[in-house]
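Below is one structure, written out as structure tokens, with a few remarks after it.
All of these numbers come straight from a predicted model, not from anything done at the bench.
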Amino acid sequence: MNPTTSASTLWKITAFAASAILALPAHSDELLDRIPEVFERAAGQYDHMLSMVESDTKIPRTIKEDGSVLTVGPKDWTSGFFPGSLWFLHEYDGSEKWKDKALDYTRRLEVIRHFKDNHDGGFMLGCSYGNALRLAPSDEFREVLQDAATALGTRYVPSLGMIRSWDNPLFICPVIIDNMMNLELLTWAAKNGGDQKLQEIAVSHADKTLANHFRPDGSAYHVVDYDPETGWIRAIYGWQGADVQTPWARGQAWALYGFTMMFRETGKQEYLKCAENVAQFLMNHPNLPEDLVPYWDFGVEPGADVPRDASAAAIMASALLELSTLSDEGAAYRDFAAKQLLSLSKAPYLAEPKTNGGFILTQSTGHLPKGSEIDVPLVYADYYYLEALLRYRALLNNETRLSFGEVK
Ligand code: GLY
């Protein structure tokens with residue numbers, strides 16, 4: 001047993017003890033009681049959406065202005081979320097119907113198994129094939145995931161110790177906070193017969209992100225552009241946020257989720273501390289609305305006309321539920337996430353049947369500074385919402401529910 005393994009074993013025991021202490025006796029719980037109705041609504045919505053895209057070989061992402069479904073090809077960064085959500089519907093009811101749909105949409109991504117165009121391979125193939133492997137284990141899925149991890153690893157810049165997020169001529173070597181989410185593919189691959197170097201890449205990337213992407217208040221910058229020759233930071237950008245010094249809501253949620261996941265994967269205490277700092281920053285922010293669904297950027301003046309970002313709330317809730325099993329502050333994180341999920345589980349966020357292009361949640365914001373996808377349904381909001389509900393159900397029922405990156 002090497003030192004990494006023994007540290008990982010130790011934290012898993014600690015995490016188990018923490019979750020055992022947190023486990024609640026069976027009793028009525030407002031959110032838990034609501035989950036069957038929400039999944040019934042979700043299934044009805046996806047039935048509706050699938051009937052609208054029956055002859056389309058692409059993958060749902062959002063809606064167009066006329067209310068029809070906007071679909072995208074496998075190389076779009078969001079391509080893994082719809083198959084992932086179909087796997088969650090199968091996970092919920094065990095039906096062959098959702099498994100068949102999930103398999104169909106998952107296999108539409110096989111053509112990108114060697115994807116190297118940007119850092120998003122983890123989102124695209126982890127959320128699709130990763131859930132496929134978790135719920136219907138097969139070598140077919142393992143092999144695609146190993147190829148995807150190898151391809152992502154080629155984006156590592158050794159002189160920087162980081163993965164280059166984008167090949168965009170506006171930058172030299174840009175790294176975005178979202179990139180943390182893609183590291184789970186690498187840690188999974190290293191633990192499952194892949195190159196051990198992939199684990200080192202994931203840890204190095206997380207270490208450098210920790211060092212360079214955070215403000216003293218615990219919030220994260222979106223884009224940091226590096227000079228790979230000197231290792232120096234050339235510039236920092238607000239990009240999808242309002243300003244370089246304002247906390248873009250979804251970026252904070254990616255940071256929270258990414259560092260929680262990397263603590264789970266490595267047991268490194270500094271990752272836990274980082275996740276806890278982000279959590280405290282978000283949970284105590286004066287601009288967080290009473291229903292706990294953030295405005296698109298925490299730095300903008302709150303107001304009735306300011307767009308919300310339901311996707312940020314869903315990602316944050318899912319991350320807080322995992323963090324609740326790993327941190328001494330577990331109960332506070334779990335209760336906060338439950339309140340967010342209760343808000344998302346009713347109007348105006350939970351879509352009325354056969355509206356919203358068949359998506360489950362309304363009111364997400366994609367890229368406001370670009371004028372793109374403002375106050376619309378977004379496929380990744382649905383994905384993290386369903387994941388969070390399944391995490392919550394498992395937590396309260398004291399059941400084990402692993403993510404794809406965890407080894408059984
Ligand atoms: N990864 C892109 C986004 O969060 O919008």
Side-chain angles (χ1 to χ4, degrees), residues 1-16 80 113-116 118-127 129-131 133-134 137 139 141-165 173 175-213 226 228 231 254-275 319 322-323 325-326 402-408:
M1 186 181 280
N2 66 34
T4 317
T5 315
S6 77
S8 148
T9 306
L10 188 62
W11 80 257
K12 275 184 180 162
I13 292 165
T14 313
F16 176 77
R113 64 192 292 163
H114 301 290
F115 183 80
K116 292 182 188 160
N118 59 45
H119 68 118
D120 285 322
F123 279 121
M124 296 146 80
L125 291 150
C127 297
Y129 277 88
N131 280 304
L133 181 64
R134 190 170 64 83
D139 285 344
F141 306 145
R142 274 186 206 99
E143 284 160 18
V144 171
L145 287 164
Q146 286 292 354
D147 284 349
T150 302
L152 178 58
T154 65
R155 297 193 59 83
Y156 184 64
V157 182
S159 60
L160 262 189
M162 302 190 92
I163 293 164
R164 182 195 302 265
S165 300
C173 188
V175 180
I176 70 174
I177 191 65
D178 325 26
N179 206 328
M180 285 298 302
M181 300 293 288
N182 295 309
L183 305 183
E184 190 168 10
L185 177 64
L186 303 182
T187 58
W188 172 84
K191 282 187 297 190
N192 287 277
D195 189 344
Q196 293 311 297
K197 182 88 184 120
L198 297 172
Q199 175 81 15
E200 289 163 32
I201 289 174
V203 171
S204 174
H205 186 95
D207 285 348
K208 295 283 161 51
T209 304
L210 186 59
N212 296 331
H213 273 250
Y226 294 90
W254 293 142
L256 176 65
Y257 195 118
F259 276 95
T260 301
M261 176 274 293
M262 280 303 285
F263 173 62
R264 177 235 293 160
E265 289 298 300
T266 63
K268 284 187 79 165
Q269 287 297 321
E270 50 271 48
Y271 298 165
L272 174 63
K273 186 77 199 129
C274 175
E322 173 150 70
L323 189 58
T325 67
L326 304 172
L402 301 179
S403 296
F404 94 88
E406 295 172 273
V407 177
K408 278 186 200 162

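In this structure, R155 contributes its side chain and R164 its backbone to a donor-acceptor pair below 3.5 Å. In terms of modelled atom types and a separation under 3.5 Å, the side chain of T260 and the main chain of E322 share no donor-acceptor contact. Side-chain atoms of S165 never come within 3.5 Å of backbone atoms of H119 as a donor-acceptor pair (strictly under, hydrogens ignored). Listed for the E265 side chain is no donor-acceptor partner under 3.5 Å among the backbone atoms of T187. Between the side chain of N131 and the backbone N or O of F404 there is no donor-acceptor pair closer than 3.5 Å.
Between D147 atom CG and L125 atom CG the span is 9.5 Å, to the nearest 0.5 Å. Atom CH2 of W254 is separated from atom CZ of F123 by 4.0 Å, given to the nearest 0.5 angstrom. Here the straight-line distance linking atom CG of L152 with atom CG of L186 works out to 4.5 Å at 0.5 Å rounding. Within the model, atoms OG1 of T209 and CZ of F259 stand 5.0 Å from one another, a figure rounded to the nearest 0.5 Å. The distance from the CZ atom of F115 to the CG atom of D120 is 6.5 Å, given to the nearest 0.5 Å. Between the CD atom of Q196 and the CD1 atom of I201 there is a distance of 11.5 Å, given to the nearest 0.5 Å.
Listed here is the closest heavy atom pair of M181 and Y257: CE-CD2, 3.4 Å. Between T150 and L198 the shortest heavy-atom distance is N-CD1, 4.5 Å. Closest of all the heavy-atom pairs between R134 and S403 is CD-C, 3.7 Å. Residues C173 and V157 share a closest heavy-atom pair of SG-CG2, 4.1 Å. Nearest heavy atom pair, residue P228 against residue S159, reads O-OG, 2.8 Å. When all heavy atoms are compared, the tightest approach of L160 to K208 is O-NZ, 3.4 Å.
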After noting the C-alpha distance and the side-chain angles of Y271 and D207, does the key distance pass the side chain to side chain donor-acceptor pair (under 3.5 Å) rule? CA-CA 8 Å; Y271 298 165; D207 285 348; 2.6 Å; yes
* Given the rule in the side-chain contact (heavy atoms from CB on, under 4.5 Å) test, do M180 and M261 qualify, once you have shown the distances and angles that lead to the verdict? -> CA-CA 9 Å; M180 285 298 302; M261 176 274 293; 5.7 Å; no
So L145 and L133, side-chain contact (heavy atoms from CB on, under 4.5 Å) or not? Walk me through it. CA-CA 9 Å; L145 287 164; L133 181 64; 3.8 Å; yes
### Query
Between I163 and V175, does a side-chain contact (heavy atoms from CB on, under 4.5 Å) hold up when you go through it step by step?
CA-CA 7 Å; I163 293 164; V175 180; over 6 Å; no
Requested in this report: Evaluate the criterion side-chain contact (heavy atoms from CB on, under 4.5 Å) for residue pair M262 and L183; output intermediate values, then yes/no.
Outcome: CA-CA 8 Å; M262 280 303 285; L183 305 183; 3.9 Å; yes
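Using cut-offs of 30° and 60° on the angle between ring planes, the pair Y226 and H213 is tilted.
With contacts defined as side-chain heavy-atom distances shorter than 4.5 Å, the pair W188/E406 does not qualify. Side-chain atoms of N179 and M162, non-hydrogen and from C-beta on, never get closer than 4.5 Å to each other. In this structure, N192 and R142 have side chains that are not in contact, with every pair of non-hydrogen atoms separated by 4.5 Å or more.
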